[in-house]
Amino acid sequence: MLEIKFVRQNLPAVQKALAARGAVVDIETFKNADARRREVLLEIEELRHRRNVVSDRIAEMKKAGENAQKLVEEMREVSGKVKMLDRTLAENEDIINNIILEIPNLPHASVPGGRDETDNPVLKQEGSLPQFDFDPLPHWTLGKNLGILDFERAAKIAGARFPLYFGAGARLERALINFMLEVHTGGHGYTEVLPPFAVNRQSMTNTGQLPKFEEDLFKLEGWEYFLIPTAEVPVTNIHQDEILDENQLPIYYTACTPCFRSEAGSYGKDTRGLIRQHQFNKVELVKFVLPESSYAELESLLSNAENILKRLQLPYQVVTLCTGDLGFSAAKTYDIEVWMPAQGVYREISSCSNFEGFQARRANIRFRRKGKKGTELVHTLNGSGLAVGRTVAAILENCQQSDGSVRLPEALRPYMGNMERIEP
RNA sequence: GGAGAGGUGGCCGAGCGGCUGAAGGCCCUGCUCUCGAAAAGCAGUAUCCUGUCAAAAACGGGAUCGUGGGUUCGAAUCCCACCCUCUCCGCCA
């Protein structure tokens with residue numbers, strides 16, 4: 001959410017920035033409702049002031065034993081008027097709120113212009129692509145051959161786009177989770193968190209999933225709860241409505257949670273394998289930082305996520321999302337894309353974003369500077385460190401051998417009981 | 001599911017129709033004292049909206065005692081609904 005005052009004072013700039021994203025906002029309605037709101041507010045405050053003054057007078061008169069009936073009647077009228085105006089005020093505030101909640105964040109000045117993902121510039125490429133003297137198999141075939149992935153049975157249990165792992169596959173997923181969490185809580189300095197996997201409407205609104213993207217979420221029938229699409233939601237909301245001390249910042253959290261996504265609108269896309277599932281595990285990194293350091297924190301967040309791929313020796317590239325591909329709440333985002341040899345493409349495995357004050361304003365997360373009056377919004381950031389299912393897919397494809405086995409990255413072996421390879 | 005208790009500022013906690021944006025304490029900040037620190041003393045210390053203003057500061061106004069309604073000239077205080085927390089009983093992992 002942008003600040004109302006800011007939108008009011010910078011309408012042209014806001015419109016221009018939103019056009020770069022391809023977002024359309026009803027600025028006219030906003031302007032009218034905003035003007036009307038302030039007009040009504042002024043009137044209400046004047047009436048209330050009068051009522052406050054006269055009410056005190058009535059109290060005095062009553063104490064002195066005087067008759068205040070005339071004033072009482074007059075104030076009865078004033079109160080009725082206030083009540084009516086209150087309704088008008090609320091109506092206009094609703095209009096403003098509905099619009100402002102649907103305005104995406106403004107892209108940071110360093111974000112490259114562009115229309116969609118094809119315009120995302122590659123920032124760097126790391127690791128060397130594996131060379132095969134055979135045709136590398138897609139991970140779903142490898143998984144089936146190895147007896148560790150079973151999408152047919154998963155479909156029986158739940159439906160399409162649900163995972164079912166067996167044996168070394170299930171263990172690989174668990175090993176990756178432990179490996180990632182150990183790396184982040186160790187050298188990277190994150191505190192591990194295990195949050196709720198369902199959240200309320202307010203939390204979803206705070207991080208920006210609602211009100212615009214409700215169709216992407218799983219909602220529990222008969223409950224005002226949503227399954228989380230990412231740990232970003234519960235973890236960012238840990239500090240909602242809090243005023244933090246400057247010296248508490250920065251705060252780093254990491255959490256592994258299942259993520260649930262309806263994937264509405266992606267029918268027919270990535271229908272095979274672990275790439276696009278209704279349920280997947282993800283290790284998430286979340287930061288609460290001082291505004292002046294948030295872009296440096298974005299760089300270190302990115303390198304924390306990259307570190308996992310480096311230690312797993314998986315080749316990847318980093319792209320900067322262009323204005324047209326930027327997510328709703330983000331001011332700047334880097335995507336890390338891992339090499340998938342069977343398809344010969346890089347696939348997103350992590351997304352690292354700086355939201356600046358956008359989520360903090362919605363979630364009301366502020367801090368106080370030492371010796372200074374007032375509060376400021378913290379800046380929030382998050383990134384995947386990493387999506388676990390896709391990491392499994394990447395390991396299977398990149399580390400496959402001609403005999404159909406998969407040679408495990410060395411960093412992972414301690415978490416797999418020193419297993420060196422997964423064999424049929 | 002049944003019975004009860006409670007939600008007040010950064011924290012603890014008093015208040016239970018007007019004199020309360022809220023006693024008292026703690027934390028924090030500044031000053032005094034001290035070579036310095038501690039202790040002690042003094043002072044300050046909520047947030048949001050809004051007006052004057054180019055802006056900041058300052059000053060004025062309004063709102064906020066879980067949330068939303070209601071009663072009243074006037075509500076932290078009375079009424080209703082909802083949310084949340086805690087205790088006991090039952091049930092269940």
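Chain letters run A, B, ... following the sequence lines, proteins first, then strands; residues in each count from 1. Since the structure is predicted, the reported quantities are computational estimates derived from the model, not experimental observations.
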Is it true that the side chains of A:Asn364 and A:Arg366 contain a donor and an acceptor less than 3.5 Å apart?
-> yes
To the nearest angstrom, how far is A:Asp56 atom CG from B:C19 atom C1'?
-> 9 Å
Picking from B:C73, B:U47, B:G61, the nucleotide nearest the side-chain atoms of A:Lys62 would be B:C73
In terms of the angle between their ring planes, are A:Trp223 and A:Tyr225 parallel, tilted or perpendicular, with boundaries placed at 30° and 60°?
-> parallel
Phosphate contact (B:U72 OP1 or OP2) by A:Ser79 side-chain N/O below 4.0 Å = no
Is any side-chain nitrogen or oxygen of A:Ser55 closer than 4.0 Å to OP1 or OP2 of B:A75?
-> no
Which whole-number value in Å describes the distance from A:Glu60 CD to B:G17 P?
-> 21 Å
If you find the nucleotide of RNA chain B closest to A:Ile58 and the one closest to A:Thr375, which residue's nucleotide is nearer the 5' end?
-> A:Thr375
Counter-base of B:G51, judged by Watson-Crick or G-U geometry with both distances under 3.5 Å = B:C59
What is the base-pairing partner of B:C91, counting Watson-Crick and G-U wobble geometry with both distances under 3.5 Å?
-> none
Out of B:G62, B:G70, B:G10, minimum distance to the side chain of A:Arg48 belongs to B:G62
Taking atom C1' of B:C11 as reference, at what distance in whole Å does atom CD of A:Gln248 sit?
-> 13 Å
Partner of B:A37 by Watson-Crick or G-U wobble geometry, both contacts under 3.5 Å, or none?
-> none
Is there a side-chain polar atom (N or O) of A:Asn52 under 4.0 Å from OP1 or OP2 of B:G74?
-> no
Provide the Watson-Crick or G-U wobble partner of B:A81, both distances under 3.5 Å; none if there is no partner.
-> B:U67
Atom pairs under 3.5 Å: protein N/O with N/O of nucleotides 49-54 of chain B:
residue, atom, partner, partner atom, Å
B:U50, OP1, A:Arg37, NH2, 3.1
B:G51, OP1, A:Arg38, NH1, 3.2

Can you find a side chain N or O atom of A:Arg368 that sits less than 4.0 Å from OP1 or OP2 on B:U45?
-> no
Could you please name the partner base of B:G74, counting Watson-Crick and G-U wobble pairs only when both distances are under 3.5 Å?
-> none
Give the intermediate values and the outcome of ring pair (Phe, Tyr, Trp, His ring centres under 6.0 Å) for residues A:His239 and A:Phe288.
-> CA-CA 9 Å; A:His239 294 295; A:Phe288 302 82; 4.9 Å; yes
Between A:Tyr165 and A:Asp150, does any side-chain donor sit less than 3.5 Å from a side-chain acceptor?
-> no
Would you tell me whether A:Tyr252 and A:Glu297 have side-chain atoms, one donor and one acceptor, within less than 3.5 Å of each other?
-> yes
For the rings on A:Phe355 and A:His379, is their centre-to-centre separation under 6.0 Å?
-> no
Is B:U29 paired to anything, Watson-Crick or G-U wobble with both distances less than 3.5 Å, and if yes, which nucleotide?
-> B:A43
Quick one: A:Gln240 CD to B:G66 P, roughly how many Å, whole number?
-> 17 Å
Atom-to-atom span, CD of A:Gln202 to P of B:C84 - whole angstrom = 14 Å
What is the pairing partner of B:G17, taking Watson-Crick or G-U wobble pairs with both distances under 3.5 Å in any strand?
-> none
Report the base-pairing partner of B:G9 (Watson-Crick or G-U wobble, both distances below 3.5 angstrom), or none.
-> none
Are A:Phe328 and A:Phe358 close enough that their ring centers fall under 6.0 Å?
-> yes
